[in-house]
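Each remark here refers to the structure printed beneath this line.
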Amino acid sequence: MKSEIVKKIVEREFLGALAQSGVDVEGEISAEIRLLDSGLDSLGFAILVTTLEDRLGYDPFTLMEEAVYPQTYGEFMNIYLKFSDHLSADVTA
Amino acid sequence: MSLLNYLLGRSGDERLLWTGEGWKTVADACIIARQIRAAHTDLEGARVLLCPQNDVEMIFGLLAFDGFVDQMLLIAGNTTDDEIKQMRERCTVDRVVDLSFSEFVDLTIEADGEIDEVRNTKWIVPTSGTTGTPKLVAHTLDSLAFTVRRNQTVGSDLVWGMIYDVTRFAGIQVLLQAVIGSSGLAVVNDRQDVSTAALQFSKAGVNALSATPTMWRKLVMSGVIDALDLRIITMGGEPADQKILDELIGRFPKAKVTAIYASTEAGVGFSVSDGLAGFPSDYEKGKLRGGNQLRVLDGKLLLRKVTEGGTYVGIDESITDTKGWIDTGDLVEKRGERYHFLGRASGAINVGGQKVHPTEVERIIDKVPGVSMVVVSGRRNPIMGSLVEAHVVALKGVQTDKLKEHILQACRVHLAGYKVPASIKFLDDIPTTLAGKIKRK
């Protein structure tokens, strides 16, 4: 399933980005956590979007007709899942 | 007319400055500004460097010293000693002024009475710098305040939030709009933390805010933007894209949303309030509101100001050509009836309003062992507008995984965070379309 692959990659890259900013997360990331309170600043978050575009082969923020600015991790994940059809065929989790 | 005289022309009981500890009135501010002058009589006519600890100190310094000193060089809190040294080589400074004014509060000084002034103080403002050292641009209060809206009835209902550095051109605009435009101004301790700033702004009743598109996206994502009842929304510093315009217009249907085209050198050029990205192509015909003119030559945006703009300090370079046109360095493209911004002619990358010159990043990466060629360019980003991207050709036999780590390490040591490449791609060769800027070992 493409959405399963997308979910795994987004999760992994998000944790990676947090680790890069010196934030350790134990267990699962809560869907309710506010992105800008998670330890990532807007630059870190912008870089994460770029990294994900390279990994997945699409940037949902560019694909969206109307702008959605995610506030929580759950909303962020859903934006990627919504466009999971665009996942490049050669990407594996 | 000096800034203090503008203030003295307002009613003393009007709210002027909100600092988190409540409001200071116009009368309070006049007294503090006069106390600062009284404590610094020796600075009359001097060339000073203002290096404040925080926005409030800077604001009182500007209120006190405009019309009093000959020139003031405005230094942002995060400026390095090296940068200050370089600026002082180009701009004579008689005194560095400590702006901690708490020591003056015992002086009894009347708030009223206009002050006779003959000095047209020069405000020396550093540009946001593309290649290391920022250039210095001299303005006067008149050239800075030319586009300030002065409708007292509208202004007296507004409270502006200060989210820019008040020593930068955009921050000065907000300060002058509040002081001269009869409005209040809210200042917060930590502008970087937008969530907290927005909550404080909401306490202060901020209903007018000027920020870069990147700051606006950050405010939207923080979720606290809804705490603000915004009526005036302005943005500048980088091109506003349609998505953030739509988002803000949708959230604040009653607000006037305006994109402002301005730079430290040119001052305010023009504004766009029709809710669309870019600017109408008929701006090229005739004069703009306020009297400025613009034209597009070889894809570059040129501006001609109706009033005297800024001048460079300490370098033999003119901001305008002999006919008064300013080459803004911005590339534009006509699509239908509208011009859209493409980026900087110099190749500079605008990362959320902060400019990065590719060569300063290339120079660092070029020195990393294992790198054969590098070209740095901007990559579009939905959050920050653009990010820095490096295309690298590795020497034969070099492991790219490790090389990538080494490049990032070197960049993190030598460059500010926003200049460190957000992505590094390895290529067999640099594409010819990018060849203009490649560096070969």
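As a basis for the values below, the full set of heavy atoms in this structure was taken, side chains included, without hydrogen atoms, waters or symmetry mates. We name chains A, B, ... by the order of the sequence lines, and we start the count at 1 in each one.
- When all heavy atoms of A:M64 and B:K243 are compared, the pair lying nearest together is O-NZ, 3.0 Å.
- Residues B:L387 and A:A46 share a closest heavy-atom pair of CD1-O, 3.6 Å.
- With a threshold of 4.5 angstrom between heavy atoms, A:E75 does not approach chain B through any atom at all.
- Of all heavy-atom pairs spanning B:S195 and A:D37, the tightest one is OG-OD1, 4.2 Å.
- One finds the CD1 atom of A:I47 at 9.0 Å from the CG atom of B:N381 (value rounded to the nearest 0.5 Å).
- Around the CZ atom of B:R380, the shell of radius 6.0 Å holds no more than 12 heavy atoms that belong to other residues, nucleotides or ligands.
- Separating the CE atom in B:M221 from the CZ atom in A:F76 is a distance of 8.0 Å, to the nearest 0.5 Å.
- Counting heavy atoms of neighbouring residues, nucleotides and ligands inside a 6.0 Å radius, atom CG of B:D190 exceeds 12 of them.
- Interface remark: A:L43 contributes backbone and side-chain atoms alike to the contact with chain B (heavy atom separation under 4.5 Å).
- Taking CD of A:E53 as the start and OG of B:S423 as the end, the distance is 9.0 Å to the nearest 0.5 Å.
- Under the 4.5 Å side-chain criterion, counting only non-hydrogen atoms from C-beta, B:K218 is not in contact with A:F45.
- Counting heavy-atom neighbours within 6.0 Å of A:K7 NZ, excluding the residue itself, gives a total of 12 or less.
- One finds no salt bridge joining B:R379 and A:D59 here, because no Lys/Arg side-chain nitrogen approaches an Asp/Glu carboxylate oxygen to under 4.0 Å.
- The CD1 atom of B:I383 lies 9.0 Å from the OG1 atom of A:T50; values are rounded to the nearest 0.5 Å.
- Using a 4.5 Å heavy-atom cutoff, the side chains of B:M384 and A:S42 are in contact.
- Of all the listed residues (B:D246, B:I244, B:V351), the one sharing the greatest number of non-hydrogen pairs under 4.5 Å with chain A is B:I244.
- No more than 12 heavy atoms of other residues, nucleotides or ligands sit less than 6.0 Å from atom NZ of B:K402.
- Taking all atoms of both residues into account, the shortest heavy-atom contact from A:Y69 to B:P382 is CE2-O, 4.4 Å.
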